[in-house]
**Student:** 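Pasting in a structure now, in structure tokens, and then I'll have a few things to ask.
The chains referred to below are lettered A, B, ... by the order of the sequence lines, with proteins before strands, and numbering in each begins at 1. Scope of the values below: all heavy atoms of this structure, side chains included, with no hydrogens, waters or symmetry mates.
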Amino acid sequence: MSKKVRVRFAPSPTGGLHLGGVRTVLYNYLFARKHGGDFLVRIEDTDQSRYVQGAEEYIFDTLKWCGLEPDESVQHGGDYGPYRQSERKASYRQYAEQLVKNGQAYYAFDTPEDLEKMRQDFKSEQNPSPQYDHTIRMKMRNSLTLSADETQKLLAEGTRHVIRIKMPENETVSFTDMIRGEVSFETSLVDDKVLLKADGMPTYHLAVVADDHAMKISHAFRGEEWLPSAPVHILLWKYLFGLDEMPQWAHFPLILGPTGKLSKRDGAKYGFPVFAMNWTDPKTNELTEGFKEKGFLPEAFINLLALLGWNDGGEQEIFTKEELIEKFSMDRVHSAGAKFDYEKAKWFNHEWVKKSGAGSLKSGVKTLLEENGIAISNDDLLEKVIGLVKDRCTLLPDFIQQSSFFFKAPETIDVDAVKPKWNEAKQLFFAELIRNYELAIEWNAHTLENNLKEIAATNNLKPGELMLPFRIMLVGGKFGPGVFEIAELLGKEETIRRISSAIKMFG
RNA sequence: GGCCCGUUCGUCUAAGGGUUAGGACACCACCCUUUCACGGUGGUGAUACGAGUUCGAAUCUCGUACGGGCUACCA
């Protein structure tokens, strides 16, 4: 009974990886880690027409960024390769032929035109999309309707054909889903799915069963959109390997957008990322923004995804990956779909930015600043700056506004916010402040504040009137952390330089 | 249309027969803050509907409504 836990993520390399895909990876990963099992990635590239250059590499880059690297894959090696279905072609036909031999599948010679005609002919109001099923198959061109000789002749001539499963009539196929409990289907209502395509490639249905068996998968997890085809897979397991060998299934709820299943379109339409990382379609050059580039931390991304359809029963919402591994359990995964809320996603990131040490944020922020023309020569200063401003940064790019002025004098000064209330007294005050600061021996926020207050008092000025001008001199605008903390990090020379150059603009 | 899955605040969710139905995001108010945030306190706000089982139902059963998924030689 205690088979080693082995789970897989099986994407097809057709484009960027979206939220739902990454969450499927996550739940697989957590389950494997929790149970000391293996997590592998198998590339489902059986549809040559949909193959997209670069998509496979993108998937692995994404997993790496998320910190969800597989134990076995095309890139990580393993004993159950190849991990790309296009390279496993040989075995699939053999299984399909075996099914034909046993009367559980059949050759079908219908052309795409034949199929189109069938759909037109049988289309009605009650049945808007006719299926190739037990009511139809005897009216089509296949090894069930043709004589054995004819079938052999067509095969010998190399006639293009597919192999379809022959769904039994009046049987109930049921299985226990780890999330939904017992799910059952009437076989008469399921169509004869193609198992092996005319090009010799398997469809997903055959491939998933053959490969899950070959790779000794113990638990097969996937999105809910697969639930309707589960009976086909159950039957294939029964016919080919026996139900005892079959992995346990779990179908994850869908992640929904504002209208339905979350799509790339939703992201563009509502202004939030849908893919994990930036993805550029090599054909159209269309760029779809990713969470990474939007400024999400991988820890936050994983965290928010984990909570979209699962929770540990308590009120904790911020989890490290290690905590997730410890607490994850499949029976606490929901059965209902979850609508993605970008505001909440940002909240998760903000929590993680606050929680992260300045040291761990440093390299990301440094890159970002440098990309925006801010050269960082002093890493220690950068770390101090990050520590000072991170509480007010939700996404990584927020650090640009919040910390640029520490390294480069502001290009624009919000003169209008100061000028109307500027006067001779303030002019003189700041001139005196400069003289005072020039003589300062200790340069820290506390003394700078005390000195300012003392000078203000002797000049009969309220500190309140002076803080905003002072801030704008140093920062350029009405934002940022405490003024004296800023001045401390700026240093004596730079603080004085900014005050004196700003005075001229106000006067 | 058929099949399958689902339904607790606007959103993510807790409560596995007995709670004033709890928390978080968002929103609002107040406090803190001589900027903006953070933080703190409080507030608005939900068991889709109808039957049944039960002393007692958000919770179990059935029906209805609504939502979603699938219905390709795509995955």
**Student:** For atom C1', what is the distance between B:rG67 and B:rU54, given to the nearest Å?
**Tutor:**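 To the nearest whole Å, 31 Å.
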**Student:** Looking for any heavy atom pair under 4.0 Å, which part of the strands does A:Val190 touch: base, sugar-phosphate only, or nothing?
**Tutor:**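 Nothing: the residue A:Val190, judged by heavy atoms under 4.0 Å, touches no strand.
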**Student:** Starting at the 5' end of RNA chain B, which residue's closest nucleotide do you reach first, A:Leu189 or A:Val194?
**Tutor:**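 First, find each residue's nearest nucleotide; the 5'-ward one identifies A:Leu189.
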**Student:** Any donor-acceptor pair under 3.5 Å between the side chain of A:Arg50 and the base of B:rC74?
**Tutor:**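 Present.
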**Student:** So, is A:Asn311 near the phosphate of B:rU13, with a side-chain N or O under 4.0 Å from OP1 or OP2?
**Tutor:**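 No, no such contact exists.
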**Student:** I want to verify a distance call: between B:rU13, B:rA75, B:rG6, whose nearest atom is closest to the A:Ala338 side chain?
**Tutor:**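 That would be B:rU13.
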**Student:** Categorize A:Asp110 for me: base, sugar-phosphate, or nothing, with a 4.0 angstrom heavy-atom threshold over every strand shown.
**Tutor:**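 Counting heavy atoms under 4.0 Å across all strands, the contact made by A:Asp110 includes a base.
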**Student:** Select base, sugar-phosphate, or nothing to describe what A:His251 touches, counting heavy atoms under 4.0 Å on all strands.
**Tutor:**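 Result for A:His251 = nothing.
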**Student:** Taking the C1' atom of each, how far is B:rU59 from B:rA75, in whole Å?
**Tutor:**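 Their C1' atoms lie roughly 37 Å apart.
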**Student:** Using whole Å, report how far CD of A:Gln48 lies from P of B:rC74.
**Tutor:**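 Distance, rounded to whole Å: 10 Å.
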**Student:** Touch check for A:Arg160, heavy atoms < 4.0 angstrom, all strands: base, sugar-phosphate only, or nothing?
**Tutor:**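 If one applies the 4.0 Å heavy-atom cut-off, A:Arg160 turns out to touch nothing in the nucleic acid.
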**Student:** When the C1' atoms of B:rU8 and B:rC49 are considered, how many whole Å apart are they?
**Tutor:**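 Nearest-Å result for B:rU8 against B:rC49 at atom C1': 15 Å.
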**Student:** Using the C1' atom as the point on both nucleotides, what is the distance between B:rG23 and B:rU34, in whole Å?
**Tutor:**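 The same atom, C1', in both gives a distance of 36 Å.
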**Student:** Answer yes or no: is there an ion pair linking A:Asp212 with A:Arg8, defined by an N-O contact shorter than 4.0 Å?
**Tutor:**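 Result for this pair is yes, salt bridge flagged.
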**Student:** Please state the C1' separation for the pair B:rC12 and B:rC4 - nearest whole angstrom.
**Tutor:**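 Each nucleotide's C1' atom is 25 Å from the other's.
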**Student:** Using a cut-off of 4.0 Å on non-hydrogen atoms, how would the nucleic acid contact of A:Ala336 be classed: base, sugar-phosphate, or nothing?
**Tutor:**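 Sugar-phosphate: the residue A:Ala336, judged by heavy atoms under 4.0 Å, touches backbone atoms but no base.
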**Student:** For B:rA58 and B:rG6, measure between their C1' atoms and round to the nearest Å.
**Tutor:**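 Straight-line distance between the two C1' atoms is 16 Å.
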**Student:** Select one nucleotide: of B:rC73, B:rG1, B:rC4, the one nearest the side-chain heavy atoms of A:Leu227.
**Tutor:**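 Nearest nucleotide to the side chain: B:rC4.
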**Student:** If you compare every side-chain N and O of A:Lys346 against the phosphate oxygens of B:rA26 (OP1, OP2), does one of them come in below 4.0 Å?
**Tutor:**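 No, because none of the side-chain N or O atoms of A:Lys346 sits under 4.0 Å from OP1 or OP2 of B:rA26.
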**Student:** Using the ring of A:Trp352 (Phe, Tyr or Trp, six-membered ring only), decide whether A:Lys355 places NZ or CZ under 6.0 Å from its centre and within 45 degrees of its axis.
**Tutor:**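 A:Lys355 over A:Trp352 ring: yes.
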**Student:** When we call it a touch if two heavy atoms are under 4.0 Å apart, what does A:Ser188 touch: a base, just sugar-phosphate, or nothing?
**Tutor:**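 Nothing: the residue A:Ser188, judged by heavy atoms under 4.0 Å, touches no strand.
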**Student:** With distance as the sole criterion, is a donor-acceptor pair present between the side chains of A:Tyr58 and A:Gln53 under 3.5 Å?
**Tutor:**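 Judged by distance alone, the side chains do not pair up.
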**Student:** Distance only, no hydrogens: is a donor on one side chain within 3.5 Å (strictly under) of an acceptor on the other, for A:Ser124 and A:Asn127?
**Tutor:**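 Note: A:Ser124 and A:Asn127 side chains miss the donor-acceptor criterion.
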**Student:** Taking only the C1' atom of each, what is the distance from B:rU20 to B:rA46 in whole angstrom?
**Tutor:**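 My reading of the C1' atoms in B:rU20 and B:rA46 gives 15 Å.
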**Student:** Which is more 5' along RNA chain B, the nucleotide nearest A:Glu317 or the one nearest A:Glu465? Just name the residue.
**Tutor:**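 Closer to the 5' end of RNA chain B: A:Glu317.
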**Student:** Touch check for A:Pro481, heavy atoms < 4.0 angstrom, all strands: base, sugar-phosphate only, or nothing?
**Tutor:**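 Counting heavy atoms under 4.0 Å across all strands, the contact made by A:Pro481 includes a base.
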**Student:** At 4.0 Å (heavy atoms only), tell me whether A:Ser124 reaches a base, stays on the sugar-phosphate, or touches nothing.
**Tutor:**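 No contact.
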**Student:** Are the side chain of A:Lys197 and the backbone N or O of A:Thr46 linked by a donor-acceptor pair below 3.5 Å?
**Tutor:**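 Judged by distance alone, yes, a pair lies under 3.5 Å.
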